[in-house]
Structure formats: structure tokens, C-alpha cells
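The figures that follow rest on heavy atoms only: side chains count, while hydrogens, waters and symmetry mates do not.
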Amino acid sequence: MLILMLVIAVIFALFETVYLKRIQKHDRYIFEFCDLRRDMITYLYEERNGLSRSDYIQLREILNTNNVTIHNYKDSKHTMFNFRRFIDKLRVIENKKSRVESNVLPEVKVFQVRLVHIVFDAFLAYTPFLKSEVIIKVLYFITSNAVKAGFKSLVPYEKDLEFIRTLGKEYKAEQAKFC
């Protein structure tokens, strides 16, 4: 009976740990977006009389982009930061960035760069299997070239990596059906 209670307690602790890690990841990126917004609003308040019209418009566009991201973050963090939408979001930010005049204040450019970095970090955090997929491709490339070079002892590893790559492609095809 005591062993059963310990097993239940350990399983509960594991589930709680996973849940808290997920919340910690969510809070980390939402905090970065909110911190950027807080800094931008503070800058707009402090420099309200010293900003040119173009600087103010650019800051408001960056702030509005950030506000939309924060507002929709919880509901769409797993879909907003997938690769296709990530590229689209970066294009929107780049288009806004390209409209910036060359005489814009460096602080405005800093806010723009911070937003791009935060979006990129969130993309890496919420893109499943991106890092492992790259690692598997590199390992497969190295192993297959080593087998071609004459290391026949690596053939089983090459077959295993090919099988893992096939599973990854099937998983992507399944996920594409739901997107």
C-alpha cells in the first residue's frame, strides 16, 4: 500500500514538473513581449515632445504589432510561431522596418530589433522538433558519407537514421493535414 502511494506521488510530481515547465516557458516569452511594450510606452511618454512625426508613427506601428502578438499569444502560440506563419510575421516586421526612414532615432531601431529577436526566440521555443530534426539530418549526412567512404560498420546506424528521418517526414505530413 505504501509503495502504491509512493508511485502515485512520484507520477503526480512528474506531471506537475512538466506542467510547471510548460507554464515557465509560456511566462518567459510573454514577459519578454510585455517588457518590450512597457519599455516602448515609457519611451513614448518620456520623449513625447521630442519625437518627430515619423518616429512616433514607427513606434506606434511596432507597438501595435507587439500588442497584437501579446493579445493572441495564449491562443495561438503553437500556431503563430510555426514556420510558415513565422516567415510571414518576419516579412510584416521587415516591411515595417523597410519603411523606416534613414534618419529615424536609434532607439526606434533598437525596439524594432528587440521585437524581431523576441519573435525569433519564441519561434525556436514553440517549433517542435526543429533542433532535433537538424541534428538528425547532420548525423545522417555524416554517417552516409562515412559509409560511402568505406566505414561499413556504420551501416546499421545509417539505416536507423534513415528510419528516424522517414518517421519525421510522416509526422510532418500528418501535421500538415491539420494545419
* Structure fact -> Residues passing the side-chain contact (heavy atoms from CB on, under 4.5 Å) test with D35, sequence neighbours excluded, are F31, R38, D39, R114
* To do: State, yes or no, whether a side-chain contact exists between L36 and E32 at a heavy-atom distance under 4.5 Å.
  => no
* Structure fact -> Across all chains, not counting sequence neighbours, the ring-ring contact (aromatic ring centres under 6.0 Å, His included) partners of Y29 are none
* Euclidean distance, R37 CZ relative to T69 OG1, rounded to 0.5 Å -> 10.5 Å
* Could you tell me which residues satisfy side-chain contact (heavy atoms from CB on, under 4.5 Å) with I11, sequence neighbours excluded, listed by chain and number? => V7, F15
* L115 and F33: CA distance, side-chain angles, deciding distance, side chain to side chain contact (heavy atoms under 4.5 Å, CB included) verdict -> CA-CA 8 Å; L115 180 63; F33 283 116; 4.2 Å; yes
* So how far is it from K21 NZ to E16 CD, rounded to the nearest 0.5 Å? -> 14.0 Å
* **Hydrophobic cluster of I8, others only, ordered by chain and residue number, side-chain cut-off 4.5 Å** => L4
* Asked: When you check the side-chain N and O atoms of D55 and S52, is any donor under 3.5 Å from an acceptor?
  -> yes
* Would I41 and V110 show up in the same hydrophobic cluster when neighbours are defined by side-chain heavy atoms closer than 4.5 Å? -> no
* **For L44, all residues meeting side-chain contact (heavy atoms from CB on, under 4.5 Å), sequence neighbours excluded** => L51, Y56, L59, R60, L63
* To do: Apply side-chain contact (heavy atoms from CB on, under 4.5 Å) to V10 and list each qualifying residue two or more places apart in sequence or on a separate chain.
  => L14
* Asked: How long is the gap from CD on Q58 to CZ on R53, to the nearest 0.5 Å?
  -> 13.0 Å
* Do F111 and I70 share a hydrophobic cluster, counting only Ile, Leu, Val, Met, Phe, Trp and Tyr and linking them when any side-chain heavy atoms are less than 4.5 Å apart? -> yes
